[in-house]
Amino acid sequence: MPGWQGRILRVDLTRRKFVVQELDASIARDFIGGRGLAIKILWDELPPGTDPLSPHNKLIFAAGPLTGLTNVNTGKLVVAAKSPITGGYGDGNIGAWAGVYMRRAGYDAIVVEGRANKPTYLYIDERGVEFHDASDLWGLNTWATEDKLQKIHGRDAGVLTIGPAGERLVKYAVVVAQRGRAGGRPGMGAVMGSKNLKAVVVKGKGEIPVADKAINKIGIEAVEQGRKMPGYSFWMKQGTTSTVEWAQEASVLPTYNFSEGQFDEFEKIGGAMVEKMEVDLKSCPLCFMPCGHWVPSEEGTAEVDYENIALLGSNLGIGDLSKVAELNRVADLMGMDTISLGNTLGFAMEASERGLTKEFGYKIEWGDYKAARELAIDIALRRGFGDLLAEGTMRASQRLGKGAEELAVQVKGLEVSGYDCHAAPAMALAYATSPIGPHHKDAWVISWEVKTDRLGYTREKAAKVIELQRIRGGWFEAFVACRLPWVEVGLSLDWYPKLFKAATGIDATPDYFNEVGDRIYALIRAFWIREYGYWSRELDVPPPKWFKRPLTKGPLKGAHLDYDKYNELLSHYYDLRGWGQNGVPRRSTLKRLGLAHVAETLEKYVEVPD
Ligand code: PTT
Ligand code: SF4
């Protein structure tokens with residue numbers, strides 16, 4: 001089976017045992033890899049209603065047929081599990097040598113289950129798995145952990161690790177690699193912590209089997225084309241961080257806990273400032289367009305990306321890049337998602353302004369960097385008020401009550417990423433229907449939306465969201481490569497079927513990838529329904545703030561989402577996806593996607609429309 005190693009490594013932490021399982025060829029064809037493989041395993045194997053932080057949850061590291069082949073940004077890895085913050089499907093896509101080495105060691109995926117009886121790390125290579133005591137690593141931050149493990153196993157070892165936040169089961173703890181890479185926003189780090197698993201170390205030097213050795217030549221040609229694209233040189237200067245200036249211009253920059261779309265001090269935290277202050281540039285493995293811009297922070301240096309700046313800067317009213325970078329550094333060291341952290345700190349500031357945190361004897365003001373840094377550490381260590389915020393904004397707001405729910409900018413329990421949607425209905429739909437909770441990875445429709453019918457709620461918008469979800473959430477998350485060459489420098493999508501064919505021998509067309517994407521989406525939706533035991537349209541609705549509290553300044557002053565019109569947009573979305581108006585995939589759609597058996601399970605919980 002060229003393109004795939006055809007092997008899945010199964011690790012049981014409770015019994016300290018591992019086995020290698022063959023990857024079924026039909027699963028490889030129908031789900032490809034990455035997110036596709038992850039949801040297939042979770043659907044087939046996870047007992048319904050599993051507690052995400054119990055030993056029964058499965059933590060999956062899944063590569064795809066493109067991972068580790070060529071320099072077209074293929075050093076990526078999907079990390080997935082049932083999410084402790086949403087209770088549904090969760091995943092992230094992390095740039096990590098561990099993923100490349102996993103493939104070179106002969107595995108397409110690693111599935112970890114059970115719980116070790118003491119802190120443990122895994123060492124994995126061609127021969128299998130060693131279980132090591134990690135007691136002296138427990139409590140260390142992510143950078144120190146990686147350094148220590150590379151001293152033991154060599155610099156050519158790929159390391160995935162959690163920090164103190166993952167150990168303490170902070171609901172938005174992430175997995176960290178190579179200092180600046182963090183993946184698994186919906187609490188994948190907490191799942192790892194719940195298993196007493198501090199780190200996974202991977203080494204591998206073998207060949208990845210391919211159908212056609214010409215893949216290297218195709219890769220070189222694609223990279224050459226990418227480097228010649230008009231946007232390439234500017235991208236190399238600012239990476240994702242130039243989005244700050246763009247978002248300000250478009251009035252979508254999250255500001256004061258997503259109350260506004262513009263921030264007066266945006267220039268002090270924008271891409272131009274990053275360019276001026278930059279001290280280093282790093283990347284994921286096998287990348288021709290590095291975007292890891294490092295800048296000095298108040299107490300060190302840190303890698304900043306757009307989301308990190310938006311959520312830890314303008315969203316908190318902090319207009320100083322070195323302070324923002326320091327909050328980013330704390331999140332990386334502790335192993336917490338910057339997006340949920342920025343949301344949570346913003347929520348705390350707004351709740352405090354309204355006197356809702358008095359009961360906890362806690363107060364924090366907008367822009368108070370020192371207090372924000374202390375609170376971030378308290379969250380990671382679950383101290384004082386930080387313990388409540390470690391549960392995320394949905395649970396914290398329910399605990400605070402008195403209307404605090406309207407200050408929580410979340411959907412299905414996960415915090416929204418870096419785009420304010422008071423005046424962006426399609427982006428709001430993308431957030432509300434994202435398969436992991438509100439993250440832009442599946443449909444960054446906003447750049448198209450601001451250029452077109454900005455305030456419309458049309459069927460065309462729903463179709464555009466689906467088109468992007470298919471490509472970004474289907475293609476790229478299944479064959480597993482970074483999508484930014486296509487999104488940011490405009491590398492033609494045509495390269496990917498070519499690379500895929502050379503890797504696997506499968507004459508893949510865009511229709512094939514789209515169908516795989518639809519299959520993945522339908523199965524993920526089915527997983528959510530099974531785990532929730534019901535479904536409701538309200539679960540696919542964006543946060544109340546964007547409906548109820550209009551923007552108060554900027555060119556779009558007064559703008560807000562309209563609830564009835566949003567519901568029409570959602571109806572178009574369901575219809576175009578082949579799902580019923582209750583948000584459940586139709587029986588006919590499931591059948592077309594080869595998932596007829598899934599309907600039988602869903603019938604136990606919801607009405608499955610024909
Ligand atoms: C990603 C999410 C993002 S999306 C950002 S910034 W972005 C945040 N980065 C964090 C960070 O840093 N430290 C931290 N402690 N938490 C962080 N949380 C946030 O995580 C990321 C890049 C980026 S940078 C983006 S857009 C693209 N995302 C891709 C994707 O999702 N799929 C894909 N096939 N290719 C992608 N390429 C780009 O990768 P999550 P990474 Mg990622 C410091 O992890 O869970 O998917 O969330 O992992 O290796 O850092 O790459 O403006
Ligand atoms: Fe990683 Fe950025 Fe390169 Fe993508 S463009 S592979 S996120 S460094």
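For ligands, and for the atoms within them, numbers begin at 1 and follow the listed sequence. Quick caveat: nothing in here was measured; it's all calculated off a predicted structure.
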Is ligand 2 under 4.0 Å from a heavy atom in the side chain of Arg181, in the backbone, in both, or in neither?
-> side chain
Knowing that exactly one of Tyr419, Trp444, Trp246 qualifies, which makes a ring-ring contact (aromatic ring centres under 6.0 Å, His included) with Tyr306?
-> Tyr419
Does a side-chain heavy-atom distance below 4.5 Å link Leu37 with Ile60?
-> no
Are Gln225 and Trp495 close enough, and set up right, to give a side chain to side chain donor-acceptor pair (under 3.5 Å), and what steps lead you there?
-> CA-CA 10 Å; Gln225 193 194 78; Trp495 288 104; 3.0 Å; yes
Heavy-atom nearest neighbour of atom 37 (N) of ligand 1 within options Cys284, Cys482, Ala310, Gly34 = Cys482
Atom CD of Glu221 with >12 non-hydrogen neighbours under 6.0 angstrom = yes
Any heavy atom of Asp337 under 4.0 Å from ligand 1? The part involved is both
If you measure from the Lys or Arg side-chain nitrogens to the Asp or Glu carboxylate oxygens, is any gap between Arg373 and Glu299 under 4.0 Å?
-> yes
Where do Glu415 and Ile85 come nearest, in terms of heavy atoms and distance?
-> OE1-CD1, 3.7 Å
Please list, in chain and residue-number order, the protein N/O/S atoms closer than 2.8 Å to atom 2 (Fe) of ligand 2.
-> Cys291 SG
Does Lys203 make a cation-pi contact with Tyr101 (under 6.0 Å, within 45 degrees of the axis)?
-> no
Picking from Tyr496, Phe500, Phe513, what satisfies ring-ring contact (aromatic ring centres under 6.0 Å, His included) with Phe476?
-> Tyr496
Measure the distance from atom 16 (N) of ligand 1 to every protein heavy atom, then report the residue, atom name and distance (to 0.1 Å) of the closest one.
-> Thr338 N, 3.1 Å
So does Arg179 pair up with Glu146, basic N to acidic O under 4.0 Å?
-> no
If you measure from each non-hydrogen atom of Arg472 to ligand 1, which part falls under 4.0 Å: side chain, backbone, both or neither?
-> neither
Does a salt bridge link Glu224 with Arg227, judged by any charged N lying under 4.0 Å from a carboxylate O?
-> no
To atom 7 (W) of ligand 1, the nearest of Met188, Lys76, Glu307 on a heavy-atom basis is Glu307
Considering only heavy atoms of Asp332, which atoms of ligand 1 have at least one such atom less than 4.0 Å away?
-> 11 (C), 13 (N), 14 (C), 15 (N), 43 (C)
For ligand 1, is any non-hydrogen atom under 4.0 Å from Glu477's backbone (N, CA, C, O), its side chain (CB onward), both, or neither?
-> side chain
Measure Lys76 to ligand 2 on non-hydrogen atoms and call it side chain, backbone, both or neither using the 4.0 Å cut-off.
-> side chain
Which of the numbered atoms in ligand 1 are below 4.0 angstrom from a heavy atom of Met336?
-> 14 (C), 15 (N), 16 (N)
Could you tell me whether Lys237 and Glu278 make a salt bridge, using a distance below 4.0 angstrom between a side-chain N and a carboxylate O?
-> no
To the nearest 0.1 Å, how far is atom 30 (C) of ligand 1 from its closest protein heavy atom, and which atom is that?
-> Arg483 NH1, 2.9 Å
Tell me, which protein N/O/S atoms are under 2.8 Å away from atom 42 (Mg) of ligand 1?
-> Asn93 O
So do the side chains of Val487 and Arg472 get within less than 4.5 Å of each other, counting heavy atoms only?
-> yes
So, does Ala481 sit close enough to ligand 1 that a heavy atom of it is under 4.0 Å from the ligand?
-> yes
State the atoms of ligand 1, each with its element, that fall below the 4.0 Å cut-off from a heavy-atom position in His440.
-> 4 (S), 26 (S)
Pairwise distance CG(Leu311) to OG1(Thr344) - rounded to 0.5 angstrom = 9.0 Å
Among Val78, Asn308, Thr241, the residue with a heavy atom nearest to atom 11 (C) of ligand 1 is Asn308
Do we see a donor-acceptor contact under 3.5 Å between the side chains of Asn93 and Glu477?
-> yes
Output yes when Lys268 and Glu265 qualify as a salt bridge under the 4.0 Å nitrogen-oxygen rule, no when they do not.
-> yes
Closest to atom 23 (C) of ligand 1 among protein heavy atoms sits Leu484 CD1, 4.6 Å
Atom 43 (C) of ligand 1 has as its nearest protein heavy atom Gly180 O, 3.1 Å
With the threshold set at 4.0 Å, does a side-chain nitrogen-carboxylate oxygen contact exist between Asp91 and Lys441?
-> yes
Any side-chain heavy-atom pair from Leu499 and Leu69 closer than 4.5 angstrom?
-> no
Please write down residue, atom name and distance for the protein heavy atom closest to atom 1 (C) of ligand 1.
-> His439 NE2, 3.7 Å
Enclosure of Lys501 NZ (heavy-atom neighbours >12, cutoff 6.0 Å) = no
